[in-house]
Amino acid sequence: MSFHSVEQIATFEQFNLDFDPSSWVRTVNHHFDEETSIVNVHQPGLYISMIGKCQCQTLNKGMDRQKDYSHNYMVALVDESCPSYMNFPSDSNWQTFSIHLSLEHLGKRSILPELTTNVPHNVPQVRLAEAGPIPVDILQCCEVVWNCELQGFERELFIKAKAQEVLALFLHQHRLKSQATQNTRIDQLNHALNHIQMNLQLDWPLSAVARLAGSNRTYVKQDIKQLLGMSFRDWLRKTRIETAQKRLANSQPITDIAHDVGFKSQAHFATLFKSEVGVTPSEYRQALCIRHSA
């Protein structure tokens, strides 16, 4: 067995990207004739890696020991420098096309929409991890690089240009997927809000709303703000008061109305109603009666 750093692999190439000198693209297209262990030290930043052929054993604590990573992408946000160890059996291949974006560059703009942590891991330096099949158009770009026969400066220009193309395609695909996911969350949230409107007498902590929407508190807060232009608490208070206004048009006792729209005491209901509407519930009902009799 031989041991190498990734930089010692014969097919290893790395070029700084023109739009940010501290960001780079890295490519490897290698066949291992003998069993080989590779150490790769990840510096802080965002890593977007497209993997072609890759059969290896991951030796990192907190990650899967064995996996075929072929034709998958991986995204990771690394907060602190950390090593990665991989073991390639004899007669195996490793094709990777990786883009590293520096934390300084990330601080200047929003590069990625929401990432999902769908890769089980227990690596403290890695804040996010997402993986999935490489879209066909992106894989085709990578295969052109792995099969490129250009040399010297022309090769560097070609690889850097393909890196920007891959990055643009990846961000576009990821944004479309993120938008579709968000649309699904919004639909589920709308169903949850409709259910809450039909059951205003119950307590509705944000955690219960998240469970009902099949989401989490962070997304619920964010999606409600986007959908309604207000917080959930403000929406719930407004909905309870508006529902009470409609019910005050009939002869139902005000105490019962207060309970049905979610207030535990008539006094609290009356105080909040007046602060929102400008009059007490009884004054509001009296005004409605006068208006209807006129």
Side-chain angles (χ1 to χ4, degrees), residues 1-17 20-106 111-112 115 117-132 134 138-139 142-143 145-146 148 155-156 159-160 162-163 166-167 170:
M1 180 190 295
S2 60
F3 298 86
H4 299 285
S5 68
V6 66
E7 292 83 1
Q8 292 174 314
I9 298 176
T11 60
F12 170 86
E13 295 176 282
Q14 179 172 309
F15 302 107
N16 291 339
L17 296 175
D20 178 23
S22 56
S23 298
W24 46 253
V25 57
R26 173 181 289 181
T27 179
V28 172
N29 183 16
H30 201 76
H31 178 80
F32 296 94
D33 294 320
E34 63 175 337
E35 185 177 357
T36 305
S37 287
I38 301 293
V39 59
N40 185 9
V41 179
H42 297 286
Q43 300 300 328
L46 179 71
Y47 290 80
I48 303 174
S49 299
M50 309 298 166
I51 304 166
K53 298 175 183 177
C54 181
Q55 305 86 31
C56 72
Q57 183 181 45
T58 303
L59 304 179
N60 303 323
K61 291 182 179 180
M63 295 190 70
D64 292 342
R65 297 286 294 175
Q66 185 94 27
K67 187 174 181 181
D68 186 337
Y69 295 95
S70 297
H71 305 127
N72 278 270
Y73 76 85
M74 297 188 71
V75 181
L77 183 60
V78 178
D79 292 315
E80 299 176 16
S81 178
C82 63
S84 173
Y85 302 95
M86 298 175 290
N87 185 66
F88 291 87
S90 60
D91 195 29
S92 64
N93 296 286
W94 184 25
Q95 294 176 321
T96 184
F97 190 82
S98 300
I99 298 170
H100 168 270
L101 300 175
S102 68
L103 294 178
E104 292 78 9
H105 186 74
L106 292 176
I111 298 294
L112 281 176
L115 287 169
T117 306
N118 64 359
V119 178
H121 73 91
N122 189 28
V123 182
Q125 297 94 334
V126 179
R127 197 188 324 167
L128 307 168
E130 179 176 310
I134 303 178
I138 297 177
L139 180 59
C142 296
E143 288 176 337
V145 171
W146 293 323
C148 175
R155 182 176 180 84
E156 177 180 345
I159 291 176
K160 289 162 72 171
K162 282 298 177 183
V166 166
L167 182 59
F170 181 83

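Starting from 1, each residue takes its place in the sequence as its number. Heavy atoms only: backbone and side chains are in, while hydrogens, waters and symmetry mates are out.
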When rounded to the nearest 0.5 angstrom, what distance separates [atom1] in [X] from [atom2] in [Y]?
| X | Y | atom1 | atom2 | answer |
| --- | --- | --- | --- | --- |
| Asn40 | Ser5 | CG | OG | 8.5 Å |
| Thr36 | Ile9 | OG1 | CD1 | 8.0 Å |
| Tyr73 | Thr96 | OH | OG1 | 14.5 Å |
| Gln57 | Ser92 | CD | OG | 11.5 Å |

Side-chain contact test, heavy atoms from C-beta onward, threshold under 4.5 Å: evaluate it for [X] versus [Y] and give yes or no.
| X | Y | answer |
| --- | --- | --- |
| Val126 | His42 | no |
| Cys56 | Cys54 | yes |
| Lys160 | Arg155 | no |
| Val25 | Leu17 | yes |
| Asn16 | Ser23 | no |
| Ile159 | Glu13 | yes |
| Val75 | Leu46 | yes |
| Gln43 | Val41 | yes |

By ring pair (Phe, Tyr, Trp, His ring centres under 6.0 Å), Trp24 pairs with (sequence neighbours left out) Tyr47, His100
Which atom of [X] lies closest to which atom of [Y], heavy atoms considered:
| X | Y | value |
| --- | --- | --- |
| Phe97 | Lys162 | CZ-C, 4.1 Å |
| Gln55 | Ser70 | NE2-OG, 3.6 Å |
| Phe15 | Glu156 | CD2-CG, 3.3 Å |
| Ile134 | Ile51 | CD1-O, 3.3 Å |
| Met50 | Ile48 | CE-CG2, 3.5 Å |
| Ser49 | Ser98 | OG-OG, 3.0 Å |

Mind running side chain to side chain donor-acceptor pair (under 3.5 Å) on Gln95 and Asn29 for me, showing each step along the way? CA-CA 4 Å; Gln95 294 176 321; Asn29 183 16; 3.1 Å; yes
His30: what forms a side chain to side chain donor-acceptor pair (under 3.5 Å) with it, not counting sequence neighbours? Thr11
Distance-only donor-acceptor hits, side chain of residues 83-91, under 3.5 Å, sequence neighbours excluded:
from: Ser84; atom 1: OG; to: Asn60; atom 2: ND2; distance (Å): 3.2
from: Asn87; atom 1: OD1; to: Ser37; atom 2: OG; distance (Å): 2.9
from: Asn87; atom 1: ND2; to: Glu35; atom 2: OE2; distance (Å): 3.1
from: Asp91; atom 1: OD1; to: His31; atom 2: NE2; distance (Å): 3.2

Return yes when atom NZ of Lys53 has more than 12 non-hydrogen atoms of other residues, nucleotides or ligands closer than 6.0 Å, and no otherwise. no
